[in-house]
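FYI, side chains are in, hydrogens and waters are out, and symmetry mates aren't considered; it's all heavy atoms of this structure.
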Amino acid sequence: MTERLTRDEQQRRWAAFRTRPGNSTCAECAARDTTWAVLDYGILICIHCAGAHRALGSHISKVRSTELDDFDESLFLWFESLGNQKNNQRWEAELPATVRRPLDNRYESPECIRRWWLRAKYDEMRFLAGTEDAGQTHATMRGWLSKQGTLLPTSKRRFFVVDPSPAGAGLLCYPD
């Protein structure tokens, strides 16, 4: 049976875990808010990347809050054996120079970009060393997305283009 930890002990363990190299920022976008944990990979992430991880489905990643959920001793041992830096060394070993990680600014890296990044990284395993897709450049993506207004809770359609090439502009959005 695993040992139950008090809330104070859990918060102390999370604080200590965040002092390790790479764990003070989000494993996906480098945001300073690391109050979410991905159980499958032993990493800490921000709230915006947590939403994108959850959208992948629980068969790919399970996300919990480090402030609201309870963790037992075995989960802390799992996290301490991994961490953001070790995880990214494995999952991003063959990251092509043409692919950029999401930014911590949710306006420059909206959820569609975060989802693409996470699907390529964890579901398709494109950046793992020794995989068939490793080191290949990735195609430009285009499509429609809904953007919520800043003043009114209405959505407007936007056409987006993601160009990951070094000469590309990154993310471009056009009004309907």
Side-chain angles (χ1 to χ4, degrees), residues 2 4-5 7 10-11 13-96 98-136 138-139 141 143 145-146 148 160 162 164 171:
T2 59
R4 294 190 54 87
L5 303 173
R7 174 62 56 192
Q10 289 180 55
Q11 293 308 313
R13 297 279 293 267
W14 284 125
F17 185 66
R18 284 185 182 95
T19 63
R20 291 178 48 194
N23 292 343
S24 62
T25 58
C26 176
E28 309 302 349
C29 74
R32 294 254 174 238
D33 164 35
T34 58
T35 56
W36 293 85
V38 182
L39 304 182
D40 302 84
Y41 307 110
I43 58 173
L44 293 177
I45 57 174
C46 70
I47 191 167
H48 302 295
C49 290
H53 264 277
R54 281 195 166 153
L56 293 177
S58 60
H59 64 288
I60 297 173
S61 66
K62 295 171 194 67
V63 180
R64 301 288 182 268
S65 169
T66 60
E67 296 176 347
L68 302 174
D69 292 313
D70 288 325
F71 294 83
D72 58 30
E73 180 67 23
S74 63
L75 279 173
F76 276 107
L77 292 174
W78 168 250
F79 273 83
E80 289 164 358
S81 72
L82 294 170
N84 293 5
Q85 194 172 50
K86 188 174 184 179
N87 179 75
N88 285 344
Q89 286 173 349
R90 177 179 181 224
W91 289 95
E92 297 175 19
E94 296 289 337
L95 184 67
T98 58
V99 176
R100 294 182 212 123
R101 304 173 91 236
L103 302 173
D104 75 354
N105 181 330
R106 67 186 180 107
Y107 298 106
E108 292 181 29
S109 291
E111 190 166 340
C112 64
I113 300 296
R114 292 173 199 271
R115 284 186 186 185
W116 176 87
W117 166 257
L118 296 175
R119 184 142 326 269
K121 182 176 177 179
Y122 297 111
D123 189 24
E124 298 170 4
M125 298 183 238
R126 287 189 187 181
F127 315 129
L128 276 173
T131 59
E132 191 174 307
D133 290 337
Q136 293 183 7
H138 300 285
M141 297 186 324
L145 59 88
S146 292
Q148 185 172 346
F160 75 92
V162 178
L171 170 68

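Of the residues W78, W36, Y122, the one that meets the ring pair (Phe, Tyr, Trp, His ring centres under 6.0 Å) test with Y41 is Y122. Each of N84, T66, N23 was scored for a side-chain hydrogen bond (donor to acceptor under 3.5 Å, both in side chains) with R18, with one residue passing: T66.
By the salt bridge (Lys or Arg N to Asp or Glu O under 4.0 Å) test, D123 is found to be paired with R119, residues two or more places apart in sequence or in another chain being considered.
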| request: Could you walk me through whether V38 and I45 pass side chain to side chain contact (heavy atoms under 4.5 Å, CB included), step by step? | output: CA-CA 7 Å; V38 182; I45 57 174; 3.4 Å; yes

| query | So F71 and L5, side chain to side chain contact (heavy atoms under 4.5 Å, CB included) or not? Walk me through it. | reply | CA-CA 7 Å; F71 294 83; L5 303 173; 5.9 Å; no

| Stepwise side chain to side chain contact (heavy atoms under 4.5 Å, CB included) check, F17 with T34 | CA-CA 11 Å; F17 185 66; T34 58; over 6 Å; no

| message | Using the rule given for side chain to side chain contact (heavy atoms under 4.5 Å, CB included), can you reason through R20 versus Q85, listing the C-alpha separation, both sets of side-chain angles and the distance that settles it, and then say yes or no? | response | CA-CA 9 Å; R20 291 178 48 194; Q85 194 172 50; over 6 Å; no

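Ring planes of W14 and F76: tilted class, angle from 30 to 60°.
Nearest approach of L56 to H59, heavy atoms of both residues: O-CE1, 3.4 Å. Closest heavy-atom contact between G51 and E111: O-OE2, 3.9 Å. Closest of all the heavy-atom pairs between R32 and T25 is NH1-CG2, 3.3 Å.
One distance of note links CD1 of I47 with SG of C26; it measures 11.5 Å at 0.5 Å rounding. Rounding to the nearest 0.5 angstrom, the gap separating the CG atom in L128 from the CG atom in L95 is 11.5 Å. With values rounded to the nearest 0.5 angstrom, S61 atom OG is found 8.0 Å from I43 atom CD1. Atom CD in E67 sits 5.0 Å away from atom OG1 in T35 (nearest 0.5 Å). Here the straight-line distance linking atom CG of L82 with atom CG of N88 works out to 11.0 Å at 0.5 Å rounding. C29 contributes atom SG, which lies 13.0 Å from atom CD1 of I113 (distance to the nearest 0.5 angstrom).
Within the structure, every pair that satisfies the salt bridge (Lys or Arg N to Asp or Glu O under 4.0 Å) test and touches residues 39-65, not counting sequence neighbours, is listed here: D40-K62. Evaluation of the salt bridge (Lys or Arg N to Asp or Glu O under 4.0 Å) test over residues 82-93, restricted to residues two or more places apart or in two chains, returns E92-R101, E92-K121.
Ionic pairing of R126 and E94 is not present here: no N-O contact between side-chain nitrogen and carboxylate oxygen is shorter than 4.0 angstrom.
By the 6.0 Å contact criterion, CZ on R7 is enclosed, its count of non-hydrogen atoms from other residues, nucleotides or ligands being greater than 12. Dense packing is recorded around CG of L103, with more than 12 heavy atoms of other residues, nucleotides or ligands lying under 6.0 Å away.
Taking the six-membered ring for Trp, W117 and F127 have ring centres closer than 6.0 Å.
At a cut-off of 3.5 Å, with distance as the only test, a side-chain donor of E28 or H53 sits close to an acceptor on the other residue.
Side chains of M125 and W91 form a contact here, defined as non-hydrogen atoms less than 4.5 Å apart.
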